[in-house]
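Taking it in order: structure first as structure tokens, then the write-up.
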Amino acid sequence: MKHLLNMLFVTLIVFQMQSQEQTISGIVTGAEDGYPLPGVNVIVKGTSTGTQTDFDGKYQIQANEGEILVFSYVGYDTKNVKVGKSRVVNVALEIGSMLDEVVVSGYSSSVKNKAKVYIRGAASVSKSEKSTAKTYGARSSVTESQSGQLTAGEINDNEKWDEWLKVLKGKNLNTNWGFYTESKIEVLVNDINNNPLGNIKVTLYNTANEVLMVAMTDVFGKAILFKNLNSQNVSDFYTIQVIQNNSVYGEKITNQKKVVFTLEEKNVEYNVENNVEVMFTIDATGSMGDEMNYLKSELKNIISRLDKRINQKRVALTFYRDFGDEYVVRDFDFDTNIDRVKANLSNQNANGGGDYEEAVEEALKASLSKSWNVKAKAKLLFLLLDAPPHYNDKNVEVLQKQIKLAQKMGIKIIPIVASGANKDLEFLMRFFSVSTNGTYVFLTDDSGIGETHLKPSADDYKVEKLNDLIVRLIEKYSGVTG
């Protein structure tokens, strides 16, 4: 009888404990910007029960009232929350106060002061860990790569012009692809109140009155022109022209590096719509396999964050391989349905290729032929790749033509170079970004993901999480502040 009573007592205790256990759910965000944080570890303190937040920062976990939930994420301060009667526990994590600023100087890394953070949650992942995510206990599982893991740097050669000229000096980098970016002219177009005017057509002529280049001003009222982008011919003088409401603004120049036009109020045409166009053009060959799943997660995160920060936007996707593969180009035109864009992205994989070079020129042709809104306040083409196009005279001509088209449409090309790239690819992509007033982005080894990444020819650069960097660039070129 005593044995039976003991069993009943134990059963009652277990029943009471189970009756107190409940499903706790919520969203984990960053306190600084309110963005959801995927991949945050959530555990019940003192137990092996745990889970991770999903792509949208959401989680579910079984816990008893009075137990402590521990929220931890690399780069952020750990937070303990006591489970109360509510079954919804939303948490905002603060950026870690003791992280170091990492600045890469030349080709080496050094730790500086602790005033700012440039690597947020960029945990190192070994090769053996790349295909799996951490889980705790029997109740948790994560089946896809989490965002916020890839790390990258940025070099804006147009903003660091003297350094760019220093890199080019003494190197025969222009010959193969025929891009000569040394003779740059920065053109600013403003109204009489000094407000920048976007989507203003700017044309450059030589002495013979031949059109050398056509560009559009961006959200900052800036256009970048080159006197001899695809040749080394030099004129005695050049003419820059802006036409608005049948009024012609022109200036004859020789050695000027900066020209400012101030349009009279009666001639100002506001050609800018509050819309952002973002194209992701992605190398989907087999050599991208080591980073493709991570890139897909990062891009989904980026697209989701744009959905919250930018009210009017369209996103397009272009995937490319090479001739002889399953496809050369597979593309999806601009779409306002962000869920559909993410679904199209999820369905892609890396395969094919076979040799080093890929059909980059075909990808650019397809990407630039889509239904771009020419009046959008920002038009951005992110080119993700790890290999150059096949080098031949035809492709050189095609690439030069596509760059001129991007300039004429006001589309900034922003390359994102992955592992396996060589110097030929680096400089071709930097020519692309310089020519279209974009910027150059490259993945780094700091994440521990993928094969070795090429270190760029640069004096210094900052390392950031790739998704944060891309969102920052989109917001910058869209004029989004705060």
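Values in this document were obtained by computation on a predicted structure and should not be read as measured data.
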Can a donor-acceptor pair be found, under 3.5 Å and without considering hydrogens, that links the side chain of Glu67 to the backbone of Val83?
no
Are Arg472 and Glu154 close enough for a salt bridge, meaning some N to O gap below 4.0 Å?
yes
Minimum heavy-atom distance between Thr436 and Ala406, given as atom pair plus value:
CG2-CB, 4.0 Å
Heavy-atom check, side chain of Asn199 versus side chain of Lys379, under 4.5 Å
yes
Hey, what do you get for CG (Asn158) to CZ (Arg430), rounding to the nearest 0.5 Å?
11.0 Å
Report yes or no: does Trp372 contribute a side-chain atom to a donor-acceptor pair with the main-chain N or O of Phe334 at less than 3.5 Å?
no
Does any non-hydrogen side-chain atom of Phe442 lie less than 4.5 Å from one of Leu454?
no
Set out, in order, the CA-CA distance, both residues' side-chain angles and the distance that settles side chain to side chain contact (heavy atoms under 4.5 Å, CB included) for Glu291 and Asp386, then state yes or no.
CA-CA 10 Å; Glu291 290 166 324; Asp386 66 352; over 6 Å; no
Salt bridge check, Lys370 against Asp335: does any charged N sit closer than 4.0 Å to a carboxylate O?
no
Ignoring hydrogens and geometry, is there a side-chain-to-backbone donor-acceptor pair from Glu277 to Asn373 under 3.5 Å?
yes
With a 4.5 Å cut-off on side-chain heavy atoms, are His390 and Asp322 touching?
yes
Distance (rounded to the nearest 0.5 Å) between Ile413 CD1 and Thr281 OG1
8.5 Å
Aromatic ring pairing Phe280/Phe382, orientation class (parallel under 30°, perpendicular over 60°, tilted between):
parallel
Side chain to side chain contact (heavy atoms under 4.5 Å, CB included) evaluation trace for Ile470 with Leu299
CA-CA 9 Å; Ile470 299 306; Leu299 294 180; 5.9 Å; no
pair Lys300-Ser346: side-chain heavy atoms closer than 4.5 Å:
yes
Ignoring hydrogens and angles, tell me if any N or O in the side chain of Thr47 forms a donor-acceptor pair with the backbone of Ile43 under 3.5 Å.
no
Asn90 side-chain N/O to Ile27 backbone N/O, donor-acceptor pair under 3.5 Å:
yes
All heavy atoms of Tyr440 vs all of Pro456, minimum pair found to be CE2-CB, 4.4 Å
Looking at OG of Ser304 and NZ of Lys342, how far apart are the two atoms once the value is rounded to the nearest 0.5 Å?
3.0 Å
Please set out all donor-acceptor pairs under 3.5 angstrom arising from side-chain atoms of residues 349-366, sequence neighbours excluded.
from   : atom 1 : to     : atom 2 : distance (Å)
Asn349 : OD1    : Arg321 : NH2    : 3.0
Tyr356 : OH     : Gly420 : O      : 3.3
Tyr356 : OH     : Asn422 : N      : 3.1

With the threshold set at 4.0 Å, does a side-chain nitrogen-carboxylate oxygen contact exist between Lys423 and Glu426?
yes
Nearest heavy-atom pair of Val167 and Ser457: which atoms, and what distance?
CG2-O, 3.7 Å
Judged by atom type as modelled, is there a donor-acceptor pair below 3.5 Å linking the side chain of Gln407 to the main-chain atoms of Ser435?
yes
Please check: side-chain N/O of Gln348 versus main-chain N/O of Ala284, any donor-acceptor pairing under 3.5 Å?
no
Is the closest side-chain heavy-atom distance between Ile416 and Leu443 below 4.5 Å?
yes
Tell me which one of Thr51, Ile68, Leu69, Asn64 satisfies side chain to side chain contact (heavy atoms under 4.5 Å, CB included) with Val44.
Leu69
Could you tell me if the side chain of Val219 sits less than 4.5 Å from the side chain of Val272, heavy atoms only?
no
Over all atoms of both residues, closest heavy-atom pair of Tyr59 and Val89
OH-O, 2.7 Å
Main chain of His453, side chain of Asp445: is a donor-acceptor contact present, judged purely on distance under 3.5 Å?
yes
Please report the interatomic distance CG(Leu150) to CD1(Ile449), rounded to the nearest 0.5 Å.
4.5 Å
Should the pair Arg330-Asp325 be classified as a salt bridge under the 4.0 Å nitrogen-to-oxygen rule?
no
Apply side chain to side chain contact (heavy atoms under 4.5 Å, CB included) to residues Val341 and Phe332 and explain how you reach the verdict.
CA-CA 8 Å; Val341 174; Phe332 304 88; over 6 Å; no
If only atom types and distance count, is the side chain of Asp283 paired as donor or acceptor with the main-chain N or O of Leu384 below 3.5 Å?
no
Nearest heavy-atom approach of Ala387 to Leu385 is O-CD1, 3.3 Å
What heavy-atom pair brings Pro389 and Leu428 nearest, and what distance separates the two atoms?
CD-CD2, 3.6 Å
Flag the pair Lys377 / Asn274 as yes when at least one side-chain heavy-atom distance between them is below 4.5 Å, and no otherwise.
yes
Within residues 401-419 or reaching into it, pairs that qualify as salt bridge (charged side-chain N to carboxylate O under 4.0 Å, His left out) - sequence neighbours excluded
Asp218-Lys412
Examine distances only and state if a side-chain atom of Gln400 and a backbone atom of Trp177 form a donor-acceptor pair shorter than 3.5 Å.
yes
For Trp164 and Phe431, take the angle between the two ring planes, folded into 0 to 90°, and tell me which bin it lands in: parallel under 30, tilted 30 to 60, perpendicular over 60.
perpendicular
Using the rule given for side chain to side chain contact (heavy atoms under 4.5 Å, CB included), can you reason through Leu317 versus Asp331, listing the C-alpha separation, both sets of side-chain angles and the distance that settles it, and then say yes or no?
CA-CA 6 Å; Leu317 300 170; Asp331 48 3; over 6 Å; no
Report the distance from atom OH of Tyr477 to atom CG of Asn437, rounding to the nearest 0.5 Å.
6.5 Å
Given side chain to side chain donor-acceptor pair (under 3.5 Å), test Glu464 with Thr151 step by step and report yes or no.
CA-CA 6 Å; Glu464 305 175 63; Thr151 53; over 6 Å; no
Answer yes or no: is there an ion pair linking Glu159 with Lys476, defined by an N-O contact shorter than 4.0 Å?
yes
When you compare the side chain of Val278 with that of Lys313, does any pair of heavy atoms fall below 4.5 Å?
no
Under a 3.5 Å cutoff, is there a donor and acceptor pairing between the side chains of Asn301 and Arg305?
yes
Gap separating the CG atom of Asn41 from the CZ atom of Phe71, nearest 0.5 angstrom
11.0 Å
